[in-house]
Each structure stands twice: as C-alpha cells, then as structure tokens.
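Each chain gets a letter, A, B and so on, in the order the sequences are listed, and its residues count up from 1.
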Amino acid sequence: MSSPKTYSSKDVEQRWYQHWLDHDYFRSVPDDREPYTICMPPPNVTGVLHMGHMLQYTAQDALMRKARLEGKNACWVPGTDHASIATEAKVVKKLRAKGIKKSDLTREEFLQEAFAWKDEYGGIILEQFKLLGAGADWSRTRFTMEPKLSAQVLKAFVKLYESGQLYRGKRMTNWDPEAQTVLSNEEVVYSDENKNLYHVRYQVEGTGEYIVVATSRPETIMADTGLAVHPDDERYTKYHGKKVIVPLVNRAVPIVTDDYVDPEFGTGALKITPAHDPNDYEVGQRHGLEVIDILNADGSLNGLAEFFVGEDREDARISAVKKLKETGDLLETKQYRTSVGRSERTDSVVEPRLTLQWFLNMEKLAATALAAVKEGEIDFHPAGMFNMYQSWLRPENVRDWCVSRQLWWGQQIPAWYHEGETYVAETAEEALAQAREKTGNPALQLSDLKQDEDVLDTWFSSALWPISVFDGMLGDTTELEYYYPSTLMVTGWDIMFFWVARMIMFGYEFSEGELGSGFVAKHGKMPFKDVFFTGMVRDEKRRKMTKSLGNSPDAMVLLERYGADGVRFGMLSSAAAGNDIIFDAPIDPETKKARNESKLCDQGRRFCNKLFNANRLLQGWTQVDRDPTEAEQIAADWLEARLSQTIEQVNVAFDDYRLSDAVMSLYKFIWGDFCSLYLEIVKPTDGEISQATYDRTIAAFEQMMTLLHSFMPFITEEIWHQLKDRSAGDDCVVSSWPKAKAYDADLLSRFEMLQTLVTGVREVRKSRNLPERDALDLYFRRSATSEALLSAPAFCTIASKLAYLNQLELAEAQPDNSLAFLVKTEAAYLILDETIDVAAEREKMEAELKRLKGFLIGIEKKLGNERFVAGAPEEVVARERKKQADTKEKIGQLEMMLG
RNA sequence: GGGCGGUUAGCUCAGUUGGUUUAGAGCAUCUCGUUUACACCGAGAGGGCCGGGGGUUCGAGUCCCUCACUGCCCACCA
C-alpha cells in the first residue's frame with residue numbers, strides 16, 4: 001500500500017468546502033419541503049474566532065447538516081452585527097493612532113471611516129467560520145446596519161413609539177465616561193473590588209458640633225446638597241431640621257431623615273449627592289434637594305465643582321482627600337470591599353448620571369415574552385434555563401430598556417424635534433409632514449427640524465434579527481411566511497437577557513399585525529421554536545476564557561494543528577446542552593497563557609486517522625466472486641444490527657440536543673465495534689474478500705460517514721468519495737440520513753457472549769504471560785446454552801479467529817490440565833501445557849462464588865417480598881427472575897468447578 | 001439579601017418518569033505487545049460506602065428533610 005499512513009486534513013478541507021460552495025449545497029430557497037431554519041447569531045464585525053464561537057457554530061452546523069441529510073430545507077442565515085460601542089471604540093482608536101480626534105470629524109466623515117473599517121475587517125470572522133466547516137447560506141449574508149436592515153429597525157422604532165411603548169425621559173442612567181455614552185443596565189458588569197471608605201466631618205451650622213459621614217467618593221463633596229440620617233437614629237435626633245456645612249465649598253445643606261439610611265453602616269450618616277448616585281437621587285427627590293452636576297461627559301470635573309476643575313474623577317478623589325486632610329475634616333480612612341460597576345465594553349467605572357434618553361417600556365413586552373416560554377410555545381434546552389429567564393422577566397424585576405446611545409455608529413434615532421414637539425417617523429420627510437400639520441405651517445423646512453443625535457442600542461437591531469434577515473418588515477413577506485418562525489436559536493446563556501428575551505419580545509410584538517403594518521406570522525408568532533443554550537467555554541481552572549486573561553488557546557492554531565474535524569470533535573464531545581465546557585488547553589505555568597493544545601481535539605484528530613486507516617484497509621482488499629462465509633454473514637448481520645441501534649441512539653441524542661452523546665455513540669461504535677471487532681473478523685488473510693461481504697461492509701461504512709458527517713464533515717466527505725465511484729452530485733453532504741431497521745436483539749447478545757469469551761481467553765493468557773497467538777483448545781461444559789451457541793459453526797470460527805483457538809468444543813466434565821473460568825453463565829475450560837496452581841484458582845473462584853451468593857440473597861429477598869412481586873411492573877419482576885436464574889446458573893457452574 | 005443549580009472513578013461528565021446482573025463513558029494511570037489498516041495502534045488491568053446525616057418506599061445515585069461545600073443569576077452596598 002503506497003498511500004500515507006496518516007490522514008492530512010489540510011487540502012481535504014479546502015477542496016471539499018469549495019466543492020460544497022460550487023454546488024450551492026448550503027443554498028436555501030423556499031419550496032414545499034419542511035424548512036429547518038437557524039438565524040446565525042451575528043458575530044460582532046470586530047470579532048475574531050474564539051473558543052466560544054467554535055462551540056456554538058459547530059453545534060449549529062452539526063444540527064443544520066443533519067437536517068439537510070434528513071431531507072429538510074436547511075437554511076442557515078449568516079451575518080454580522082455592527083456592535084456599535086465595540087466598533088466605534090475600535091475606529092476611534094484607529095483614528096487616534098493617526099492623530100485624529102473623533103471630535104475633529106463630522107458625523108458623516110466619521111461614519112465613512114467606520115464603514116471603511118468594517119469593509120476591511122468585518123468579514124474576517126465569517127471567513128474563519130468557513131474554515132471551521134460552517135455550511136451557511138452565504139448568499140443570504142446580512143449586516144445589521146445595511147440599508148435594508150436599518151430601514152426595518154427604524155420601522156420597528158416608529159411602531160413601538162406609536163403604540164406608546166417608547167418614551168423619552170430624564171433618568172439616572174449608567175454613563176461610560178470612556179465611550180461617552182449611556183449604557184443599559186445589562187451592559188454594566190459588577191464585581192467586588194477594594195475601595196477606601198473615608199470618614200469626613202460636616203459641621204452642624206451654628207454649632208461647634210460635627211456629624212461624621214462615611215463616603216467612598218470624597219470628590220463629589222462639592223455636589224452635596226444634603227445630609228441624611230435614619231429618622232429613628234437617636235444619635236442624630238437632636239440635629240433634625242438643622243443644616244450642615246459642606247466642607248471645602250462651605251455650603252449649608254439641610255439634614256433630612258430617610259428610611260433609606262442604614263444606621264448600622266459607617267457612621268449612620270450619609271452625604272447626599274443627587275447628581276452622582278442613583279440612591280442619593282431618590283433621596284434628593286423625596287426631600288426636594290438641589291441637583292448639582294459637577295462632572296463632564298468624560299468623567300472630569302466641571303466648573304460647578306469649584307475645586308479640582310478639569311481633573312479626572314479618579315485624580316480629583318486623590319486631590320480631595322489631600323485637601324480634606326489639610327483642613328482637618330478627614331478623620332479616618334478604612335479599606336472595604338464593595339461591588340463596582342464597570343462598562344462591559346470599555347471596562348471603565350460606570351458613572352451614574354442624570355441624562356435624557358429613550359426608553360422602551362417593558363411591561364407588556366416582558367409579560368408576553370415570559371408567557372411564550374412558560375406556556376411552551378418556545379422550548380428552552382436545557383429546560384432549567386427557564387428559571388433564569390423568568391427571574392429576569394417577572395414584572396417586579398424587569399426595568400425599562402434604555403435604547404439610546406451617544407454614539408454615531410448605529411441607526412440614528414428617527415425622532416425630530418421642533419419647538420418642544422417630537423416627531424417620530426421613518427424618514428425626515430414624514431417627520432416634516434407631521435410637523436407641518438401639527439404647526440399648521442406649510443412653510444416649515446427640514447432645516448427647521450433637529451434630528452436626535454443619538455443612535456440605537458445594538459441589541460435593538462439584534463432583537464429584530466429573526467424577522468429582519470427575511471426582510472419581514474418591508475412588505476413582501478413571502479420568505480418570512482416560509483421560514484418564520486425559525487426552528488432553532490443556538491446561543492450562549494450569557495446573552496439570554498441581552499438578546500434571546502428581546503428577540504422573543506420583538507417576535508411577538510411585530511407579528512401581531514394589530515398595528516397595521518406588522519407581518520402576519522403564518523406558523524406562529526414566536527421567532528423560533530427551540531432555544532439551545534450552549535455553555536461557556538472555560539479553562540482548566542473554570543475561568544471563562546477571555547482575551548485579557550490570555551487563558552484561551554488560539555482557535556486558528558487549533559484548526560491548523562488538529563484539523564477542523566478534530567477541533568469540532570473536541571468541542572462537541574464535551575458539549576452537553578447548557579453545560580459549561582472545561583476546555584483542556586493546558587495553562588503554561590511560566591507564561592500563565594494557554595497552550596494551543598488540547599487532548600480533546602487530539603482525540604478527534606486521532607479519530608480521523610482511524611477512519612482514514614479503516615478506509616485504507618477496505619481499499620486494499622480485492623473483491624472476488626465467491627459466496628460469503630457463514631462467519632462473514634453473521635458478522636455483517638451483527639454489524640448492521642449494531643448500526644441500527646446506534647442510529648437510534650444518535651437520533652434520540654440529537655432530539656435532546658445532547659450532541660456529546662451523539663458524537664460519542666458514533667465514536668464508540670465506529671472505533672470499538674466496526675474497527676476493533678467487525679473488521680478484525682472479516683479481514684481476509686489473503687486480501688481477497690467476497691463481493692457480497694465487501695458490499696455490505698462498504699454500505700455500512702457509508703452510512704457511518706453520513707451519520708458522522710454532521711460532526712466531522714470534511715473527512716467523511718473525503719472517504720465517501722473514496723468508497724466508490726460517484727456520479728456528480730452524489731456527495732455525503734447531501735446523502736440521506738440512515739434509517740434504523742428492526743434488529744435481532746438475540747444476535748446482539750450472542751455477540752456480547754462472544755466478546756466476553758474472547759476477553760476471557762485473552763485475560764487468561766495475559767495473567768500467565770502466554771503468547772497471544774499460540775493456539776489453545778477451549779471447551780465449554782455442555783449445557784443448553786453452550787450447546788446452542790456452538791451449534792453455529794460460524795460462531796466457533798469467529799471465536800477461534802479472535803481468541804486464537806485450535807478448537808472450541810463441548811465437554812461433559814473438566815478436562816485434565818485445564819483452567820476453568822466463567823463466560824457469563826457458562827463454564828469454560830482452557831487447556832494449558834503448564835501446571836496449574838489449583839489452590840490459587842480455587843481461591844479466586846471461591847471469592848467469586850461468595851460474591852454471587854450475596855448477590856443472589858439480595859435478589860431472592862426482593863422476589864420473596866409479596867409487595868415487590870405485586871407492586872413492581874411486570875417487566876421489572878421478570879428482569880429480577882432472569883437475574884436470579886442467571887446467578888443460580890453461575891453459582892451452579894462454579895460449584896461444579898470447585899468439585 | 002432573594003432565587004437557581006451542582007456535589008458520582010485521578011480529571012471531565014452520563015445516569016431520561018425510583019427497579020437493566022450490588023454504578024457507566026471518555027480521558028488519564030499501570031502492565032504487556034516491533035500481529036503487513038492505523039504505535040496517531042492493539043490487548044489486558046486497577047480505580048467509586050454516588051458530599052455527610054436522617055426520612056419515605058418492597059426497593060433510593062434517582063424522591064423528601066437537614067447540614068456542609070461549591071458555582072451561577074438578580075438586587076443592594078454611603
């Protein structure tokens with residue numbers, strides 16, 4: 001055989017991927033077949049392939065490929081997300097490197113730069129998905145900010161406004177001073193950090209007494225407009241109604257009493273800074289306190305602060321501490337641990353800030369979305385994820401969604417302002433028309449209106465994705481009627497609230513039709529029927545793999561090293577639905593970075609090699625025109641039975657999204673049963689095999705390729721074509737998912753007996769250091785079972801071949817010079833030349849006998865119990881009876897052996 | 001503070017309405033093997049009072065209570 005002994009994935013992968021593209025196999029157009037649709041979670045245009053992607057997109061690809069093999073119209077819609085903050089930050093950084101500030105550019109100029117950036121880098125990740133084998137319909141590739149999608153986003157905005165669910169208001173919001181935009185609550189990540197707690201004294205006006213306040217933010221003292229104590233706190237009762245003098249600024253502010261104050265914390269006295277703390281804002285509102293905002297958008301102090309003007313809040317804190325020390329007002333500094341909110345994108349400490357924003361009322365949307373899953377219109381996998389979903393969406397927890405962002409990269413909010421009036425419309429012209437009508441002034445011009453400067457939160461457009469990728473809001477709903485609702489959404493549970501919940505909200509909201517221009521959902525209003533939550537990919541220390549930790553291996557290097565099939569196997573073999581996967585790339589103790597290695601992926605690569613060599617073996621055989629032997633026939637019968645059994649297991653696993661179970665069933669069947677057992681049985685010594693057996697082998701192997709194709713598309717396609725000459729279009733990717741046939745369970749159990757026998761003989765050889773290939777004689781004690789077993793000559797042939805036996809016969813009693821052992825319930829005797837340590841053998845058998853007797857007592861106790869026999873299901877009782885009989889049989893055999 | 005999970009072999013995990021030969025897999029470990037598909041392989045072995053305690057039941061890894069440890073979500077944190 002001249003072909004190489006090892007499989008090389010490189011050219012194979014490239015070649016077949018191109019072949020699939022050339023034949024448009026991933027293309028989907030509506031027809032009369034059942035659709036199987038997944039809207040690909042659009043990766044950020046700033047994204048590069050990481051482990052999380054590999055898990056999620058491999059899972060999707062496996063499901064898509066299976067659906068295609070099952071004859072469904074498989075449609076996987078790809079695309080990218082404009083990722084407003086992330087992308088804008090990248091572009092700003094790039095400009096800065098060129099010495100350009102964002103503020104130097106007009107909005108149009110900036111967007112031009114941003115689109116240029118997107119055109120250059122935005123497609124990289126989709127190309128990487130192709131290397132992974134992802135079979136999406138690339139002709140459908142969409143981008144959340146392309147004109148048609150933006151148009152739909154604006155339409156959605158207008159509809160939500162018209163239905164009264166969108167409103168604009170001044171609220172305490174989360175401000176990212178680095179990106180200089182507001183964030184939604186979900187975009188703020190809290191973690192515990194060490195901070196200082198400063199005790200600062202405030203003089204009670206007109207007295208020499210002081211009230212000491214505990215604060216972590218001394219730099220906001222200049223914005224203090226009150227001091228609060230608990231109404232029942234007797235320490236402070238005498239000060240009720242008085243005022244204190246704020247240090248540094250020497251402003252007199254009222255002492256107020258409020259239940260919010262916890263007398264136990266700090267000194268029990270709280271300085272109130274309504275502009276810079278959400279709770280203080282509430283307290284301030286309740287007591288009519290002034291709001292003094294001393295911060296600029298970038299987090300530096302403004303003129304209202306009087307002190308430290310122009311300093312960043314962090315620097316100002318240091319300055320304030322220094323100054324307060326000088327004045328003697330800082331009494332104490334304590335360390336404590338508290339949670340600090342940071343921007344998910346920029347990691348900058350979030351500043352509470354009173355700003356004017358657009359909010360989406362969640363009341364109705366959340367209730368609908370909650371009911372959809374609760375009532376089973378949408379199924380979560382794993383089902384337990386519903387708990388998390390519910391806790392977020394229940395009315396007492398859900399809060400209105402701030403949808404405006406102070407950015408340029410995104411859909412500009414379609415609201416125009418004129419003389420205190422707001423006009424929301426899809427286009428400026430419509431807004432103008434509204435304004436003319438409202439004001440009764442037909443001379444009003446576009447230039448008289450001012451459009452809102454802000455853009456929409458990225459997730460607002462993402463929420464529309466399952467509808468907008470089919471242009472569902474644009475009038476022609478042909479595609480939508482066919483593909484909507486999509487079959488499945490596959491994504492990580494970490495964006496359940498960001499995205500999944502909101503897609504569900506929008507899905508129901510815009511398919512209701514009651515607003516006039518919503519589309520009519522033919523097959524259900526939900527955006528998808530199932531959600532398959534994948535877990536997080538974590539490192540060996542269970543930390544989430546992140547760029548900053550450097551604990552993630554390089555996905556591209558893994559693909560290079562193990563091949564896409566190997567990596568896919570590695571990702572999926574540990575991916576039960578919803579469970580986090582612990583990826584086994586070792587962390588280098590020196591560098592603390594992940595090595596680009598993985599035993600799981602290597603297992604996948606070795607599996608490829610096994611398949612490659614199994615195929616090589618088959619290719620080396622010469623087919624001859626002779627009748628198959630009985631042994632070949634029985635082996636092939638068994639193989640086909642095991643194949644059917646495996647198909648059943650794989651189908652069940654797929655239905656439950658237990659992809660790891662599916663892939664492992666195939667792995668064990670192909671490696672353990674097909675390669676290690678079946679091929680060894682039928683493998684000819686002279687290289688010649690009967691045509692019939694060959695055909696059956698190839699047919700079975702071919703089905704294995706189809707089954708495995710969803711997980712390992714490249715090597716299976718390669719082998720598919722090596723198995724036989726194929727006409728054009730006869731490709732594994734579009735073959736038929738095999739059907740399980742009824743199989744003979746008895747045959748399977750006879751083979752189990754065979755395997756036990758073979759293993760038993762090998763074990764005897766091992767334990768006595770006998771060469772594996774010296775032929776031995778084996779006898780079975782005559783019994784009904786053993787007689788039946790040996791009556792099939794093929795059985796003897798196979799057993800002899802695998803265990804290297806001279807002969808396999810029945811015996812009435814233990815022959816001389818033989819070693820006795822049990823094969824399931826049967827006594828077997830192996831003739832050995834050497835002398836046998838009778839005492840040691842007896843000891844072993846007696847131990848086993850004792851174990852079996854104990855076991856039997858348990859069974860008989862159960863069977864002797866009337867309540868068991870009466871109460872347990874019939875089959876359970878029958879099983880116990882069989883167990884009893886088998887155990888008795890074994891005990892009988894052992895006792896006979898022991899004499 | 002409110003809620004949800006987890007705890008099964010050295011590691012990562014299965015164990016589906018309680019009953020499938022007194023617990024399974026993959027990996028790792030140990031022993032042996034230069035067998036012409038594959039040493040990226042083959043053969044064999046060892047390894048678990050199913051976190052502790054209590055209860056329900058004829059029967060519990062599986063249900064209930066309790067304790068311990070652990071992970072996560074939400075809220076709050078002067």
Please write out the pairs of protein N or O atoms and N or O atoms of nucleotides 24-27 of chain B separated by less than 3.5 Å, giving the distance to one decimal.
{"from": "B/A25", "atom 1": "O2'", "to": "A/K668", "atom 2": "NZ", "distance (Å)": "3.1"}
{"from": "B/G26", "atom 1": "O3'", "to": "A/Q603", "atom 2": "NE2", "distance (Å)": "3.2"}
{"from": "B/G26", "atom 1": "O2'", "to": "A/Q603", "atom 2": "OE1", "distance (Å)": "3.2"}
{"from": "B/G26", "atom 1": "O2'", "to": "A/Q603", "atom 2": "NE2", "distance (Å)": "3.1"}
{"from": "B/C27", "atom 1": "OP1", "to": "A/Y667", "atom 2": "OH", "distance (Å)": "3.4"}

#### Entry: side chain to side chain contact (heavy atoms under 4.5 Å, CB included) against A/R773, all qualifying residues, sequence neighbours excluded
A/Y804

### Query
With sequence neighbours left out, what residues match A/F498 under side chain to side chain contact (heavy atoms under 4.5 Å, CB included)?
A/E186, A/E187, A/E344, A/W459, A/I495, A/R502

### Message
What does the 5'-to-3' dot-bracket notation of RNA chain B look like when only Watson-Crick and G-U wobble pairs under 3.5 Å count, and pairs to other strands show as |?
### Response
(((((((..((((.....[....)))).(((((.......))))).....(((((..]....))))))))))))....

### Query
Which pairs count as side-chain hydrogen bond (donor to acceptor under 3.5 Å, both in side chains) when at least one residue sits in residues 755-764 of chain A, sequence neighbours excluded?
none

### Query
Which one, B/U20, B/A78, B/A43, comes nearest to the side chain of A/E772?
B/A43

Using a cutoff of under 3.5 Å, can you pull out all pairs of nitrogen or oxygen atoms linking the protein to nucleotides 4-8 of chain B, with atom names and distances?
{"from": "B/C4", "atom 1": "O3'", "to": "A/N387", "atom 2": "ND2", "distance (Å)": "3.2"}

Would you please name every residue forming a ring pair (Phe, Tyr, Trp, His ring centres under 6.0 Å) with [X], sequence neighbours left out?
X: A/F714; result: A/W20
X: A/F669; result: none
X: A/Y667; result: A/F569, A/F607, A/W671

Polar atom pairs (N or O), protein with nucleotides 9-12 of chain B, under 3.5 Å:
none

Using nucleotides 62-65 of chain B, report all nitrogen or oxygen pairs with the protein that are shorter than 3.5 Å.
none

### Task
Please lay out, stage by stage, how A/N613 and A/R616 fare under the test side chain to side chain donor-acceptor pair (under 3.5 Å).
CA-CA 5 Å; A/N613 277 293; A/R616 218 157 61 90; 2.9 Å; yes

All N/O donor-acceptor pairs, side-chain side in residues 262-274 of chain A, below 3.5 Å, sequence neighbours left out:
{"from": "A/D262", "atom 1": "OD1", "to": "A/E264", "atom 2": "N", "distance (Å)": "2.9"}
{"from": "A/T267", "atom 1": "OG1", "to": "A/V212", "atom 2": "O", "distance (Å)": "2.5"}
{"from": "A/T267", "atom 1": "OG1", "to": "A/A269", "atom 2": "N", "distance (Å)": "3.3"}
{"from": "A/K271", "atom 1": "NZ", "to": "A/T220", "atom 2": "OG1", "distance (Å)": "2.8"}
{"from": "A/K271", "atom 1": "NZ", "to": "A/D224", "atom 2": "OD1", "distance (Å)": "2.7"}
{"from": "A/K271", "atom 1": "NZ", "to": "A/T273", "atom 2": "OG1", "distance (Å)": "2.9"}
{"from": "A/T273", "atom 1": "OG1", "to": "A/D224", "atom 2": "OD1", "distance (Å)": "2.8"}

